[in-house]
*Asks:* 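Sharing a structure, written as structure tokens. Questions coming.
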Amino acid sequence: MLNVRCSKHMSDISKDLLKQLNPEQAKAAAIIDGPVLVFAGAGTGKTRVITFRIANMIRHGIKPENIAGMTFTNKAAQEMRERLDRLVNREDAKKVFLGTFHSFCCRVLRKDIKVLGFGNNFTIADDSDQSGVIKQAIIESGFDKTELSPEVCVSLISRAKGKMLAPQDVSRIAENDIEVKVGHVYDRYMQILQNQNMLDFDDLLLFTVKLWQEHPEILERYQEKYTYLLVDEYQDTNYLQFQLVKLLAGKRNNVCAVGDDDQSIYGWRGADMKNILDFPRHFPKSKEIKLEQNYRCTNNILKAANGVISKNTERCVKELWSKCGDGEKIRIVRAESDEDEARYVSEAIFNVIASDPGTQYRDFAILYRSNHQSRLFENSLRDSQIHYRIVGAKSFYERREIRDAIAYLKLAVNPKDDQSFLRILGVPPRGIGDKAIENLKKMQHISFMPFAELIGHEEFLKDLSGKAGSGARGMHATLNKWRGMFSEPGNLSDKALAYLKDLNFIEGILKLYKDREEAERRRDNIYELVNAIAYFEKSAGTPPTLLEFLEAYALYDDSDKVEEDEEKEKNAVTLMTVHAAKGLEFSYVFIPGMEHNIFPHERSVMEGSNEEERRLFYVALTRARKNVHLIHTRSRMRYGKTTIQRPSEFIYDIPDDVSEHVQSATAFKPMDDDELKDAWAALYAIGEKK
């Protein structure tokens with residue numbers, strides 16, 4: 001049989017494909033077998049490399065269904081999918097798995113989770129569900145919210161799962177009384193989730209790894225299916241994700257990891273940068289390639305970024321460069337106050353727009369270290385009649401009525417989902433009061449039956465009369481009636497609409513709000529959800545099930561919210577945190593609050609390490625294509641008092657030859673050398689005394 005990968009014809013096609021890449025990109029895309037580590041600096045075309053590499057593999061005869069590409073966001077996966085569609089046969093592109101770690105794990109668990117004691121119709125807990133279960137677990141563990149904060153419990157349990165620690169491990173290695181209590185809450189929390197056939201986001205990863213470790217025959221099946229792995233943003237992987245990749249790679253070790261240690265900014269949520277730095281140790285005989293040619297920024301921006309990040313000790317050394325020319329110098333702006341800082345930004349945006357008619361509001365971004373910094377910029381932009389949008393505001397899927405509708409849909413596929421049941425029991429009002437709900441909970445404590453079943457139980461109904469009794473009976477009957485109808489795929493939007501109407505949910509919305517206009521707007525949002533289900537059906541290819549739609553909804557992430565905001569306001573200045581800006585780019589970037597204890601954040605200053613904060617600043621700088629303004633203030637209102645501020649130490653890391661210092665009062669006029677020297681000396685001295 002002809003070895004397809006060695007055929008001359010295939011080799012010529014491959015060479016033609018790789019000619020579209022620069023030499024280092026081509027080298028990364030050309031290597032097919034064995035472990036490969038690609039250090040892809042900011043703006044160096046990592047997505048392009050990954051998609052061309054997949055195309056090259058397919059052209060060498062590797063079956064597309066044997067290739068899995070793992071990403072961290074739906075947006076990244078979608079972008080890869082669109083690019084791959086242009087490089088290979090569309091049918092082949094469809095067969096490649098391109099998706100988030102969580103969506104990959106959902107696929108695995110839907111098929112095999114029964115061996116871990118869950119039903120394959122499990123639902124995925126959103127933030128509201130998780131909060132409800134945690135509060136229940138705290139109470140049932142004998143504590144109350146004065147002893148344990150639900151938010152602290154969620155955070156510590158998530159960290160424990162990321163390290164594959166069981167509840168008993170958390171209690172055993174606890175360093176204080178709080179952690180001992182969290183261990184008990186964690187144990188009860190997991191019991192409640194299993195009783196409700198529900199998984200949280202961490203469980204999707206944890207149970208997949210656990211499944212493979214405890215059932216090697218299942219792991220082997222996946223190792224035979226996915227023989228080539230590509231991992232995007234490898235620097236952001238945590239311990240669980242690393243274990244997932246290591247297990248799936250097996251003995252073949254055909255792993256291509258692409259990432260940038262200099263952009264590792266999620267240590268606070270469990271990401272371990274050592275995964276990328278230790279890649280050669282984890283995957284012996286790996287090949288290493290650096291991508292340093294940047295396609296986004298000017299060289300002055302890149303020299304500033306290189307100067308900043310070079311001060312970090314734990315990193316792979318890279319020097320980004322560009323063919324985009326030197327461009328404008330970095331503007332380091334001294335403002336008198338935080339109000340002056342906000343005015344400066346608005347005026348600068350106005351000046352650029354006025355001098356360059358081709359520039360639009362969407363070309364500008366204000367990137368701050370913390371969300372609370374946005375207020376004054378909102379005021380100033382509004383006063384200047386400059387359109388703006390804040391990334392991270394409440395999205396469509398976070399609206400109350402949408403969450404209620406989703407809860408109804410979740411109950412239709414998972415009758416054990418008590419969190420969803422409690423959410424919608426009074427929507428619309430059914431006359432079932434707090435006393436009846438308490439009786440329901442007592443019955444469950446004895447019977448272990450789900451609420452959706454108990455609500456139709458005669459023992460519960462005998463104490464209800466009038467509206468409450470008929471409401472409970474009607475709800476129970478309707479849920480039972482529709483449960484079987486959603487088990488079959490097809491006509492999903494029609495069925496969802498009929499189901500919500502049958503439950504009197506859509507018309508019931510009108511009775512919940514006194515303001516008729518608001519009630520109708522919320523009702524219209526429900527109709528828009530039905531539209532979303534119809535669009536999902538249309539794009540699915542084969543008729544989907546309700547469970548598949550709910551899974552897609554649950555895996556909706558922050559990158560989708562950015563896309564949604566962009567659609568809502570296409571020409572507006574963007575306000576967002578630097579963390580949220582990762583992966584994005586703008587022509588003009590303003591980074592305010594460049595002061596000690598703001599950027600770097602005071603927490604990192606107290607802990608004595610600024611390396612991740614410096615990486616965050618590096619990410620902020622490299623979002624800009626043309627120009628960056630770094631703004632610090634002489635004084636700022638903090639904690640209700642005016643305080644004298646000290647410039648951020650990161651400013652001193654920027655080479656003098658690529659920056660210029662200006663004062664907000666004189667717009668873009670630089671200070672002379674003597675003024676600059678005196679100003680910096682005075683500010684530094686005041687800061688030190690403070």
*Asks:* Distance alone, cut at 3.5 Å: any donor-acceptor contact between the side chains of Tyr226 and Asn254?
*Replies:*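 Their side chains do not contain a donor-acceptor pair, so the 3.5 Å distance test is not met.
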
*Asks:* Arg362: which residues meet the salt bridge (charged side-chain N to carboxylate O under 4.0 Å, His left out) condition with it, sequence neighbours left out?
*Replies:*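 Salt bridge (charged side-chain N to carboxylate O under 4.0 Å, His left out) check on Arg362 returns nothing, list empty.
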
*Asks:* Report the residues that fulfil salt bridge (charged side-chain N to carboxylate O under 4.0 Å, His left out) with Arg625, sequence neighbours left out, ordered by chain and then residue number.
*Replies:*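 Checked Arg625 against salt bridge (charged side-chain N to carboxylate O under 4.0 Å, His left out); matches are Glu585.
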
*Asks:* Do Tyr266 and Lys582 have side-chain heavy atoms sitting under 4.5 Å apart?
*Replies:*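 Yes, their side chains come closer than 4.5 Å.
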
*Asks:* Identify, with sequence neighbours excluded, every residue that meets salt bridge (charged side-chain N to carboxylate O under 4.0 Å, His left out) alongside Lys46.
*Replies:*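 Scan of Lys46 (salt bridge (charged side-chain N to carboxylate O under 4.0 Å, His left out), adjacent residues dropped) gives Asp232, Glu233.
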
*Asks:* When rounded to the nearest 0.5 angstrom, what distance separates NE2 in His579 from CH2 in Trp268?
*Replies:*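 It comes to 5.5 Å.
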
*Asks:* Is it true that the side chains of Ser493 and Glu537 contain a donor and an acceptor less than 3.5 Å apart?
*Replies:*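 On atom types as modelled, these side chains qualify, holding a pair under 3.5 Å.
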
*Asks:* Restricting to side chain to side chain donor-acceptor pair (under 3.5 Å), what partner residues turn up for Tyr222, sequence neighbours left out?
*Replies:*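 Scan of Tyr222 (side chain to side chain donor-acceptor pair (under 3.5 Å), adjacent residues dropped) gives Asp112.
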
*Asks:* Sort out for me which residue in Lys311, Lys318, Lys290, Arg615 forms a salt bridge (charged side-chain N to carboxylate O under 4.0 Å, His left out) with Asp262.
*Replies:*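 Checked Lys311, Lys318, Lys290, Arg615 against Asp262; only one passes salt bridge (charged side-chain N to carboxylate O under 4.0 Å, His left out): Lys318.
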
*Asks:* Looking at side-chain heavy atoms only, is the closest gap between Ile330 and His629 below 4.5 Å?
*Replies:*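 The answer is no; the side chains never approach within 4.5 Å.
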
*Asks:* Listed by chain and number, what are the salt bridge (charged side-chain N to carboxylate O under 4.0 Å, His left out) partners of Arg252, not counting sequence neighbours?
*Replies:*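 Only Glu224 meet the salt bridge (charged side-chain N to carboxylate O under 4.0 Å, His left out) criterion with Arg252.
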
*Asks:* For the residue pair Tyr228 and Asp33, confirm or rule out a side-chain donor-acceptor distance under 3.5 Å.
*Replies:*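 Asp33 and Tyr228 do have a side-chain donor-acceptor pair below 3.5 Å.
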
*Asks:* Pairing donors with acceptors under 3.5 angstrom, does anything connect the side chains of Ser322 and Asn294?
*Replies:*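 Looking only at side-chain atoms, Asn294 and Ser322 do not form any donor-acceptor pair under 3.5 Å.
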
*Asks:* Centroid separation under 6.0 Å, is that true for the rings of Phe617 and Phe599?
*Replies:*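 Centroid separation for Phe599 and Phe617: below 6.0 Å.
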
*Asks:* Under a 3.5 Å threshold, yes or no: a donor from one side chain and an acceptor from the other, between Thr574 and Arg389?
*Replies:*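 Side-chain D/A pair, Thr574 to Arg389: present.
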
*Asks:* Write out all pairs satisfying side chain to side chain donor-acceptor pair (under 3.5 Å) with one or both partners inside residues 76-91, taking only residues at least two apart or from two chains.
*Replies:*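 For residues 76-91: Gln78-Glu82, Glu79-Arg83.
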
*Asks:* Side chains of Lys111 and Asn120: does their closest heavy-atom pair fall under 4.5 Å?
*Replies:*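 No, too far: nothing below the 4.5 Å cut-off.
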
*Asks:* Kindly compute the distance separating OG1 (Thr44) from CG (Leu320), expressed to the nearest 0.5 Å.
*Replies:*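 Answer rounded to 0.5 Å: 7.0 Å.
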
